[in-house]
Amino acid sequence: MSAIEQPKTNSYKSFFSFFLTALFGASVNFFSQIFFRETLKFDYSTSVLLGYLTATVVSFLPTKLFAFSAKQTGNTGREMVKFVIIALIAWGVQVGVAVATLEWVANPHFPEVSMFWREKGSHVVGMGFSFLANYFGHKLLTFRSTGVYDRILSRSSKEEEKQL
């Protein structure tokens with residue numbers, strides 16, 4: 001019975017560890033977005049993009065080391081590529097949900113709230129959906145050996161042998 005409970009405990013631990021590293025990344029994302037919007041005067045969607053990119057760069061190592069305990073996989077290069085692919089997908093989710101929330105929920109339903117807070121609330125909603133996309137993407141692809149790279153490497157080796 002304890003063998004059945006063990007994976008569930010590891011899943012919760014992995015999710016909680018990812019949540020803590022994502023909280024760090026979300027803080028970087030949130031505050032850098034404010035910096036890009038308020039100080040550098042970028043438009044809303046550009047500042048959301050720049051905040052997200054800043055957080056992505058800053059959070060790769062903590063995610064690898066702490067959230068998924070992938071310190072000694074020997075696959076850091078491949079993990080970086082997969083991390084960026086998942087980050088781009090999650091970025092699309094974040095920007096899309098943030099802009100949609102601002103336009104379809106915050107602006108029409110809360111016009112009395114200042115634009116700053118409507119934008120921040122919409123940004124946080126987008127970050128929540130992005131968190132889920134990142135977690136499942138990194139769990140299922142980035143820090144897990146899928147075998148795709150090995151199959152590609154094997155296929156190219158066989159083609160080289162045929163050419164010799």
Side-chain angles (χ1 to χ4, degrees), residues 6-37 39-40 42-102 119-120 122-164:
Q6 179 105 11
K8 194 178 270 190
T9 303
N10 286 341
S11 269
Y12 291 137
K13 182 181 176 191
S14 172
F15 184 81
F16 184 69
S17 296
F18 182 78
F19 177 77
L20 291 177
T21 57
L23 189 60
F24 167 69
S27 298
V28 170
N29 182 336
F30 187 78
F31 291 111
S32 64
Q33 185 272 335
I34 292 170
F35 172 77
F36 292 126
R37 177 80 168 129
T39 305
L40 300 181
F42 284 103
D43 64 50
Y44 178 66
S45 58
T46 301
S47 66
V48 170
L49 164 65
L50 294 173
Y52 187 83
L53 292 176
T54 303
T56 298
V57 170
V58 171
S59 64
F60 172 74
L61 283 178
T63 302
K64 176 180 172 60
L65 300 177
F66 303 117
F68 293 103
S69 302
K71 184 177 185 176
Q72 297 177 333
T73 61
N75 298 323
T76 301
R78 281 185 268 168
E79 290 166 349
M80 285 174 136
V81 170
K82 292 189 280 186
F83 191 86
V84 168
I85 291 168
I86 296 301
L88 288 172
I89 293 167
W91 164 74
V93 168
Q94 179 178 323
V95 173
V97 170
V99 170
T101 302
L102 180 65
E119 287 181 352
K120 295 313 129 238
S122 299
H123 186 202
V124 169
V125 171
M127 288 169 64
F129 280 88
S130 175
F131 166 81
L132 294 172
N134 269 304
Y135 175 73
F136 289 109
H138 294 320
K139 179 178 178 66
L140 299 173
L141 180 67
T142 304
F143 299 106
R144 179 176 170 208
S145 178
T146 59
V148 172
Y149 179 79
D150 295 328
R151 286 192 295 261
I152 291 170
L153 193 61
S154 172
R155 188 173 290 164
S156 67
S157 294
K158 288 178 185 177
E159 288 176 13
E160 287 176 9
E161 288 176 9
K162 286 180 184 179
Q163 292 176 355
L164 294 176

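All residue numbers in this chain count up from 1 along the given sequence.
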**Item:** Ile86 to Ala133 - nearest heavy-atom pair and separation
**Value:** CG2-O, 4.1 Å
**Message:** To the nearest 0.5 Å, what is the distance between CG on Leu23 and CZ on Phe30?
**Reply:** 12.0 Å
**Message:** Would you compute the distance between atom CZ of Phe42 and atom CG of Leu49 and round it to the nearest 0.5 angstrom?
**Reply:** 9.5 Å
**Message:** Distance check, rounded to the nearest 0.5 Å: Phe83 atom CZ versus Leu88 atom CG?
**Reply:** 10.5 Å
**Message:** Just checking Phe60: does its CZ atom have more than 12 heavy atoms from other residues, nucleotides or ligands closer to it than 6.0 angstrom?
**Reply:** yes
**Asked** Side chain of Ser122, backbone of Glu119: donor and acceptor closer than 3.5 Å?
**Response** no
**Request:** For Tyr52 and Ala87, indicate whether the former's side chain and the latter's backbone hold a donor-acceptor pair under 3.5 Å.
**Result:** yes
**Message:** Just so I know, are the side chains of Phe35 and Leu50 near enough to count as touching, which here means a heavy-atom distance under 4.5 Å?
**Reply:** no
**Request:** Please test Trp91 against Thr56 for side-chain contact (heavy atoms from CB on, under 4.5 Å), starting from the C-alpha separation and ending with a verdict.
**Result:** CA-CA 9 Å; Trp91 164 74; Thr56 298; over 6 Å; no
**Prompt:** Any donor-acceptor pair under 3.5 Å linking the side chain of Ser32 with the backbone of Asn29?
**Reply:** yes
**Prompt:** Can the ring centres of Phe19 and Tyr135 be said to be less than 6.0 Å apart?
**Reply:** no
**Request:** To the nearest 0.5 Å, tell me how far Leu141 CG sits from Ile89 CD1.
**Result:** 8.0 Å
**Prompt:** Roughly how far apart are Phe36 CZ and Tyr44 OH, rounded to 0.5 Å?
**Reply:** 15.0 Å
**Request:** Give a yes or no answer on whether the side chain of Ser130 reaches the backbone of Gly126 with a donor-acceptor pair at less than 3.5 Å.
**Result:** no
**Separation of Gln94 CD from His123 NE2 (nearest 0.5 Å)** = 4.0 Å
